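What follows is one structure encoded as structure tokens, with my remarks underneath.
Values reported hereafter were calculated over all heavy atoms of this structure, with side chains retained and with hydrogens, waters and symmetry mates removed. Here the structure is a predicted model, which means the values were calculated and not measured. All residue numbers in this chain count up from 1 along the given sequence.
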Amino acid sequence: MQRYCFTLDLIDNPSLIAEYKKYHEAIWPEIQESITSASVLDMEIYLSGNRLFMIMEVNEDFSFEQKAKADLENPKVQEWETLMWKYQQALPGAQPGEKWRLMDKIFKL
């Protein structure tokens with residue numbers, strides 16, 4: 001099993017943050033299927049202020065490239081991603097269209 005950690009900011013607006021949290025109380029079934037079918041075993045998202053932190057655990061079959069390709073070909077995932085951009089903002093240094101930024105592990109006990 002491999003663990004990846006990502007970060008992303010939300011627009012710093014309490015109403016929008018509340019809406020974003022509401023969407024994640026019960027994500028669309030198609031979104032859950034797109035995640036689990038890509039060999040993602042577990043995923044958690046944490047929020048502090050407007051900063052998001054995501055932990056994603058995957059098995060050996062997971063591929064970022066295959067996941068990205070499948071997402072581009074899935075209209076429901078594209079609809080979800082477009083909707084989520086209403087709440088999200090790119091981090092400084094992000095490439096155009098880049099959302100979640102992969103974090104580098106700098107410490108482990």
Side-chain angles (χ1 to χ4, degrees):
M1 180 172 62
Q2 177 73 38
R3 177 182 293 145
Y4 297 102
C5 297
F6 301 85
T7 189
L8 175 67
D9 284 348
L10 295 177
I11 296 170
D12 198 5
N13 175 304
S15 297
L16 291 177
I17 291 171
E19 284 180 35
Y20 187 85
K21 288 169 63 174
K22 193 76 170 160
Y23 272 109
H24 285 79
E25 289 175 9
I27 63 171
W28 299 348
E30 299 91 347
I31 302 309
Q32 183 166 337
E33 170 62 24
S34 77
I35 294 168
T36 58
S37 68
S39 300
V40 176
L41 304 174
D42 194 29
M43 181 182 283
E44 296 178 336
I45 299 175
Y46 296 86
L47 175 66
S48 177
N50 71 316
R51 174 74 37 99
L52 295 170
F53 174 69
M54 179 171 63
I55 303 168
M56 185 172 77
E57 294 181 341
V58 302
N59 70 23
E60 62 279 351
D61 296 328
F62 178 79
S63 160
F64 283 111
E65 294 78 19
Q66 289 175 353
K67 174 73 170 117
K69 182 179 184 299
D71 287 350
L72 283 173
E73 295 171 354
N74 185 325
K76 205 64 173 174
V77 170
Q78 291 306 302
E79 181 182 350
W80 174 267
E81 292 299 334
T82 299
L83 175 61
M84 292 302 106
W85 261 128
K86 174 182 175 183
Y87 308 101
Q88 300 166 335
Q89 61 182 349
L91 290 171
Q95 299 299 312
E98 182 180 26
K99 291 185 170 199
W100 291 96
R101 303 244 4 234
L102 184 61
M103 301 176 78
D104 295 324
K105 181 178 10 176
I106 63 166
F107 174 79
K108 178 172 173 47
L109 185 62

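Look at K76 and E33 and you find no salt bridge, because none of the NZ, NE, NH1 or NH2 atoms lies under 4.0 Å from a carboxylate O. Using a cutoff of 4.0 Å between basic side-chain nitrogens and carboxylate oxygens, E25 and K22 are scored as salt-bridged.
Interatomic distance, CE of M84 versus CG of L8, reported as 11.5 Å (0.5 Å rounding). From K86, atom NZ reaches atom CG of L16 across 6.5 Å, with rounding to the nearest 0.5 Å. Expressed to the nearest 0.5 Å, how far CD1 of I55 lies from OH of Y46 amounts to 5.0 Å. Rounding to the nearest 0.5 Å gives a distance of 12.0 Å between CG of D61 and OG of S37. Interatomic distance, D71 CG to S34 OG, rounded to the nearest 0.5 Å: 5.5 Å. From K69, atom NZ reaches atom CD of E65 across 12.0 Å, with rounding to the nearest 0.5 Å.
Residues L102 and M54 are members of one and the same hydrophobic cluster, defined by side-chain heavy-atom contacts under 4.5 angstrom among Ile, Leu, Val, Met, Phe, Trp and Tyr.
The two residues E98 and W85 come nearest to each other via the heavy atoms O-CH2, 3.7 Å. For the pair F62 and S39, the tightest heavy-atom approach, listed with the atom from each and the gap, is N-CB, 3.7 Å. Taking both residues in full, the closest heavy atoms of I17 and G49 are given as CD1-O, 3.9 Å, listed atom of the first, atom of the second, then distance. Closest non-hydrogen pair, L10 versus L47, comes out as CD1-CD1, 4.0 Å. A pairwise comparison of heavy atoms in I31 and V77 identifies CD1-CA, 3.8 Å as the closest pair. Nearest approach of A94 to R101, heavy atoms of both residues: N-NH1, 3.5 Å.
For the pair L41 and M1, the minimum side-chain heavy-atom distance is below 4.5 Å. The side-chain heavy atoms of L83 and W28, taken from C-beta on, include a pair separated by under 4.5 Å.
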task: Applying side chain to side chain contact (heavy atoms under 4.5 Å, CB included), run through V40 and E57 and close with a yes or a no.
output: CA-CA 6 Å; V40 176; E57 294 181 341; over 6 Å; no
- request: Show the numbers, then the answer: is there a side-chain hydrogen bond (donor to acceptor under 3.5 Å, both in side chains) between Y4 and Q2?
  value: CA-CA 7 Å; Y4 297 102; Q2 177 73 38; 4.6 Å; no
Residue pair I45, K21: steps toward the side chain to side chain contact (heavy atoms under 4.5 Å, CB included) verdict: CA-CA 10 Å; I45 299 175; K21 288 169 63 174; over 6 Å; no
task: Give the intermediate values and the outcome of side chain to side chain contact (heavy atoms under 4.5 Å, CB included) for residues F53 and S48.
output: CA-CA 8 Å; F53 174 69; S48 177; over 6 Å; no
task: Mind running side chain to side chain contact (heavy atoms under 4.5 Å, CB included) on T7 and L52 for me, showing each step along the way?
output: CA-CA 5 Å; T7 189; L52 295 170; 5.7 Å; no
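Between H24 and Y20, the angle of the ring planes lies from 30° to 60°, which puts this pair in the tilted group. Ring geometry, Y23 versus W80: the interplanar angle exceeds 60°, so the pair is classed perpendicular (tilted spans 30 to 60°).
Around the CD atom of Q89, the shell of radius 6.0 Å holds more than 12 heavy atoms that belong to other residues, nucleotides or ligands.
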